[in-house]
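Side-chain atoms are counted along with the backbone in the values below, which use heavy atoms only and exclude waters and symmetry mates.
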Amino acid sequence: MQSLLVILPMLIAALIFPVLFLAAYIILSIAQPDVIYLPDTLNIVTVFLTLWASILIRNGYARGVCFFWSIWFMLGSVSLYAQNQVQGGLNYKIDPTSANQYYLYCVAAAVAMILVLEKVIGRRAPDAPVRLVRGSNQLVWLLVLAFPLFYAASIYLATGDIPIFSGRNVSAAMYEVDYGPLHGFGIFVTIAALMAWEKAGDRASIAGRSPLRLATLALVGFLLLVAAMDGRRALAIFALFGIILFASAEPARPVERIKVVLIAALALLGYVTAATVRTGSEASKAFASIWEPLSTIGTEYRDYVYGFVRLSRDDVLGAGYDWLGSTLAALTPSVFLNALSIDKAATIQTDSARILMNFWNVKLGILIGLPGELWFAYEWAGVAVFAFFGAAVYGVSALAVRTNHFVYRAILLSLLGVWATSVQGQSTVTFGLLLPLLYFSFFILLIEFVSNRRTHVPTAANAARRPRW
């Protein structure tokens, strides 16, 4: 019964959204049989098999990540169709079948890897996360929760306003604007939002104090706003995914678990709204038809399909694309690269986002997601690489369910939020954010070592303890 409650929100979403997607696909296929930019039957069968296989994953965090990877294909397919309705198929009137199947094979390989690992080495791992009973040094909480204020002030002082509410199209030049010295540490805003969400959901420390719970939830909303104030949605999306993963995997009553689906729906609405608001004065045109807002969802998947179909792998590699080199450079501290006479900034410039924008003839980085990057780097061998990425997701998810520490779980869920969106991002970010997260983890270890507060495994004696704030 408990395992059923754990997967209830996934089952609800699996019965609602995919069924609506399938119904729309059947109707459109009958009404427009000559349309080439719809998925084919093999795509549909593959995504449904992958979707249901992901629900078999016992670890709630890994299950949520794989579930989104399957749903992303559906959102991207909607985006591709909607964009053709908006632009009349000028740029995206292409057959996505082969690109769809490559993406789905990548996801299926990762899901299969996780299921195998759970079968072989994860038999004794808990299905539901261990209850959070450990806090951290008060200084850590103060620094984490205060950082978003300094982060927001840094952006305001550097730009002179709040970019997302400035009334101008910030998306056109967001990668050329200096947002201040703290902008590169924005992942800490994600951690702060997750820590606040954990606090709001902790019954042991907030039981019977509704005003405090509401105030904490308001803090979460404020932190999400801070995460998106530069006009980019990435940090807010990382935090939202971490929140969804946290809420969907925690043991709770069925009526409470349905809230997870509502959170996901609000996250989708926020994604569309952010895409509209950040275009400034152009926002008044955004809802001229139903296809306009739908075309803003899954744009990265649409660009992945376009690149897969229209671009030659040899041309992309010839332009200087180096997935492994740029990813390793993003992962490695500058001091080590300098010792090897390697220019970190120049090496990172060879990632997919910067190389592909030249093919699009734009000044914005083009995001095609990890499957697209692996296609241009290794073609079909990239499916195996994505399977090993699934193993990494399983490892982090296993750590997240075992830790009983508020801050460490927030860090791990932030990382999972980043990795969940790897299918719509770039590897220099997907893996590059490991460095600041590792630095922060070491910082916590140092603070707790000095304070003589070592992390411990929960026991019957300490399970009833309230977390320290």
Between I71 and V47, is there a side-chain heavy-atom distance shorter than 4.5 Å?
no

In sequence, state the C-alpha distance, the side-chain angles, and the governing distance for T430 and L370, and then conclude on side chain to side chain contact (heavy atoms under 4.5 Å, CB included).
CA-CA 9 Å; T430 298; L370 181 55; 5.6 Å; no

Does one side chain, of Q101 or N43, offer a donor that lies under 3.5 Å from an acceptor on the other?
yes

Residue pair F147 / L182, side-chain heavy-atom distance below 4.5 Å:
yes

More than 12 heavy atoms of other residues, nucleotides or ligands under 6.0 Å from CZ of F185: yes or no?
no

Centroid-centroid under 6.0 Å between F188 and Y151 rings:
no

Tell me the closest heavy-atom pair linking L413 and L245, and the distance in Å.
CD2-CB, 4.3 Å

Looking only at heavy atoms, what is the nearest atom pair of V423 and F386, with distance?
CG1-CZ, 4.1 Å

As an exercise, state the distance from OG1 of T347 to CG of L324, rounded to the nearest 0.5 Å.
11.5 Å

Rounded distance [0.5 Å steps], CD1 in I411 versus CE in M195:
8.5 Å

Under a 4.5 Å cut-off applied to non-hydrogen side-chain atoms, are P436 and L433 in contact?
yes

Nearest heavy-atom approach of T403 to R409 is O-NH2, 2.6 Å

Minimal non-hydrogen separation, G390 against A110, with atom names
CA-CB, 3.9 Å

Could you go through the side chain to side chain contact (heavy atoms under 4.5 Å, CB included) check for W419 and V65 one step at a time?
CA-CA 8 Å; W419 285 1; V65 171; 5.6 Å; no

Take L367 and D303 through the test side chain to side chain contact (heavy atoms under 4.5 Å, CB included) and record every step on the way to the result.
CA-CA 7 Å; L367 305 181; D303 287 338; over 6 Å; no

Check side chain to side chain donor-acceptor pair (under 3.5 Å) between Y103 and all other residues, then give those that pass, not counting sequence neighbours.
none

Can you measure from CD1 (I366) to CD1 (I355) and round to the nearest 0.5 angstrom?
12.5 Å

Would S422 and F389 satisfy side chain to side chain contact (heavy atoms under 4.5 Å, CB included), going step by step from the backbone distance to the final call?
CA-CA 10 Å; S422 63; F389 179 54; 3.3 Å; yes

Could you tell me whether the side chain of T428 and the main chain of T327 form a donor-acceptor pair under 3.5 Å?
no

Listed partners of S352 passing side chain to side chain donor-acceptor pair (under 3.5 Å), at least two apart:
E373

Between W360 and Y306, is the ring centre distance below 6.0 Å?
yes

Would the distance check show the side chain of Q426 and the main-chain N or O of I368 forming a donor-acceptor pair, the cut-off being under 3.5 Å?
no

Given 3.5 Å as the limit, does a donor-acceptor pair link the side chain of W69 with the main chain of A420, or not?
yes

How far does CG of L374 sit from OG of S427, to the nearest 0.5 angstrom?
6.5 Å

Is the Y301 ring parallel, tilted or perpendicular to the W72 ring (thresholds 30°, 60°)?
perpendicular

For residues 327-351, which residue pairs pass the salt bridge (charged side-chain N to carboxylate O under 4.0 Å, His left out) check, not counting sequence neighbours?
D351-R354

Check whether Y105 reaches the backbone of T46 with its side chain - one donor and one acceptor, N or O, closer than 3.5 Å.
no

Give a yes or no on whether the backbone of G417 and the side-chain of T421 come within a donor-acceptor separation of less than 3.5 Å.
yes

Under a 4.5 Å cut-off applied to non-hydrogen side-chain atoms, are F308 and F376 in contact?
no

Using distance alone, with no hydrogens and no angle criterion, decide if T97 and D95 have a side-chain donor and acceptor under 3.5 Å apart.
yes

Quick one about R302 and S79 (side-chain donor to acceptor, distance below 3.5 Å, no hydrogens or angles considered), yes or no?
yes

Does a side-chain heavy-atom distance below 4.5 Å link Y394 with E118?
yes

4.5 Å side-chain heavy-atom contact, L311 and F359
yes

At what distance, to the nearest 0.5 angstrom, does CD1 of I114 lie from SG of C66?
3.5 Å

How many angstroms lie between atom CG of L415 and atom OH of Y61, to the nearest 0.5 angstrom?
13.5 Å

Just so I know, are the side chains of L51 and M74 near enough to count as touching, which here means a heavy-atom distance under 4.5 Å?
yes

Within-4.5 Å side-chain heavy-atom neighbours: L412 and L416:
no

On a heavy-atom basis, the closest approach of L194 and I243 is CD2-N, 3.4 Å

Tell me if a side-chain donor or acceptor on Y304 pairs with a main-chain N or O of A99 at a distance below 3.5 Å.
yes

Looking at W323 and A377, what are the two nearest heavy atoms and their distance?
CB-CB, 3.8 Å

Taking R63 for its side chain and I55 for its backbone only, find out whether a donor-acceptor pair lies under 3.5 Å.
no

